[in-house]
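In this chain, residues are counted from 1 in sequence order.
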Amino acid sequence: MQHISPNTIEHKQELLVRVERNERMVQRLSEKLNSYTYEPKCPQRFEKFYELNRHIQEFRKHQNRLLSKIRNQQIDLPETDTHEIESHLARFKKLESEFAAYLFDLKKPL
């Protein structure tokens with residue numbers, strides 16, 4: 001039987017907490033995106049709006065699969081799944097920066 005260090009377990013628990021927190025953050029981003037205050041006003045911005053919305057939906061699908069996988073295996077995750085979680089967290093950062101870029105672009109004059 002393989003010995004698991006406390007740091008590894010703590011690291012995995014931290015990843016799980018971060019994934020669950022990101023789930024709430026993506027929900028808020030989606031709500032903001034769909035509010036009328038962030039509505040685009042030109043064709044190029046509509047394209048960005050729909051692309052960002054599609055990325056959010058794809059992220060949420062992956063998030064749900066990952067969370068169900070984590071919950072089914074509890075905290076006893078193999079190393080490959082830890083890498084999958086870390087890549088998912090990196091994907092969240094990218095989505096967050098895309099959203100920020102979209103908001104910044106909305107502030108620019110037409």
Side-chain angles (χ1 to χ4, degrees):
M1 184 169 197
Q2 184 180 10
H3 176 67
I4 299 177
S5 69
N7 289 340
T8 305
I9 292 173
E10 289 174 11
H11 178 68
K12 290 176 183 179
Q13 288 175 333
E14 176 188 336
L15 289 176
L16 177 60
V17 168
R18 288 175 60 194
V19 168
E20 289 176 339
R21 182 180 60 223
N22 288 352
E23 180 181 26
R24 293 186 298 273
M25 292 294 293
V26 168
Q27 176 66 30
R28 287 187 201 124
L29 290 178
S30 181
E31 288 171 1
K32 281 184 181 182
L33 186 65
N34 291 318
S35 73
Y36 72 93
T37 55
Y38 298 108
E39 190 173 286
K41 295 180 177 43
C42 70
Q44 294 87 3
R45 290 182 182 162
F46 268 104
E47 288 176 18
K48 287 183 181 183
F49 172 81
Y50 289 123
E51 182 180 345
L52 185 56
N53 216 351
R54 185 176 49 82
H55 288 169
I56 288 174
Q57 296 308 318
E58 289 172 3
F59 182 87
R60 291 175 99 182
K61 286 178 188 176
H62 186 264
Q63 174 99 4
N64 289 335
R65 282 193 309 261
L66 189 60
L67 281 173
S68 68
K69 188 184 224 184
I70 291 170
R71 289 180 181 135
N72 288 340
Q73 294 178 355
Q74 297 304 317
I75 208 67
D76 190 25
L77 296 171
E79 280 303 310
T80 55
D81 289 340
T82 302
H83 294 298
E84 183 180 357
I85 292 170
E86 289 171 349
S87 72
H88 181 72
L89 294 173
R91 189 181 298 164
F92 172 75
K93 287 180 183 179
K94 183 179 180 204
L95 181 65
E96 200 172 34
S97 72
E98 287 177 7
F99 186 79
Y102 172 77
L103 292 181
F104 181 73
D105 196 39
L106 281 179
K107 304 273 185 200
K108 290 180 183 177
L110 296 174

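Between Arg21 atom CZ and Glu14 atom CD the span is 8.5 Å, to the nearest 0.5 Å. Atom-to-atom distance recorded for Gln63:CD and Met25:CE is 12.0 Å, nearest 0.5 angstrom. Put simply, OH on Tyr38 and NZ on Lys32 are 5.0 Å apart, with the number rounded to the nearest 0.5 Å. The structure places NE2 of His83 at 10.5 Å from CD1 of Ile85, a figure rounded to the nearest 0.5 Å. Expressed to the nearest 0.5 Å, how far OH of Tyr102 lies from CG of Leu52 amounts to 7.5 Å. Separating the CG atom in Leu89 from the CG atom in Asn22 is a distance of 5.5 Å, to the nearest 0.5 Å.
Taking every heavy atom of both residues into account, Asp105 and Lys48 meet most closely at OD2-NZ, 3.1 Å. Nearest heavy-atom pair across Phe49 and Pro40 is CB-CG, 3.7 Å.
A donor atom on one side chain and an acceptor atom on the other are not found under 3.5 Å apart for Glu23 and Gln27.
Under the side chain to side chain donor-acceptor pair (under 3.5 Å) criterion, Arg65 pairs with no residue, sequence neighbours left out. For the salt bridge (Lys or Arg N to Asp or Glu O under 4.0 Å) test, no residue two or more places apart in sequence or in another chain qualifies with Glu47. Evaluation of the ring pair (Phe, Tyr, Trp, His ring centres under 6.0 Å) rule for His55 yields no partner, not counting sequence neighbours.
Leu33 and Phe92 fall within the same hydrophobic cluster, where Ile, Leu, Val, Met, Phe, Trp and Tyr residues are linked whenever their side-chain heavy atoms come under 4.5 Å apart, directly or through other members. Leu95 and Val19 fall into different hydrophobic clusters, where Ile, Leu, Val, Met, Phe, Trp and Tyr are joined by side-chain heavy atoms under 4.5 Å apart, directly or via other members.
Counting heavy atoms from C-beta outward, Glu58 and Arg54 have side chains that approach closer than 4.5 Å. Using a 4.5 Å heavy-atom cutoff, the side chains of Ile56 and Arg60 are in contact.
Note on ring orientation: taking the six-membered ring where Trp is involved, the planes of Phe59 and His88 are parallel (angle under 30°, cut-offs 30° and 60°).
For OH of Tyr50, the number of neighbouring non-hydrogen atoms (other residues, nucleotides, ligands) closer than 6.0 Å is 12 at most.
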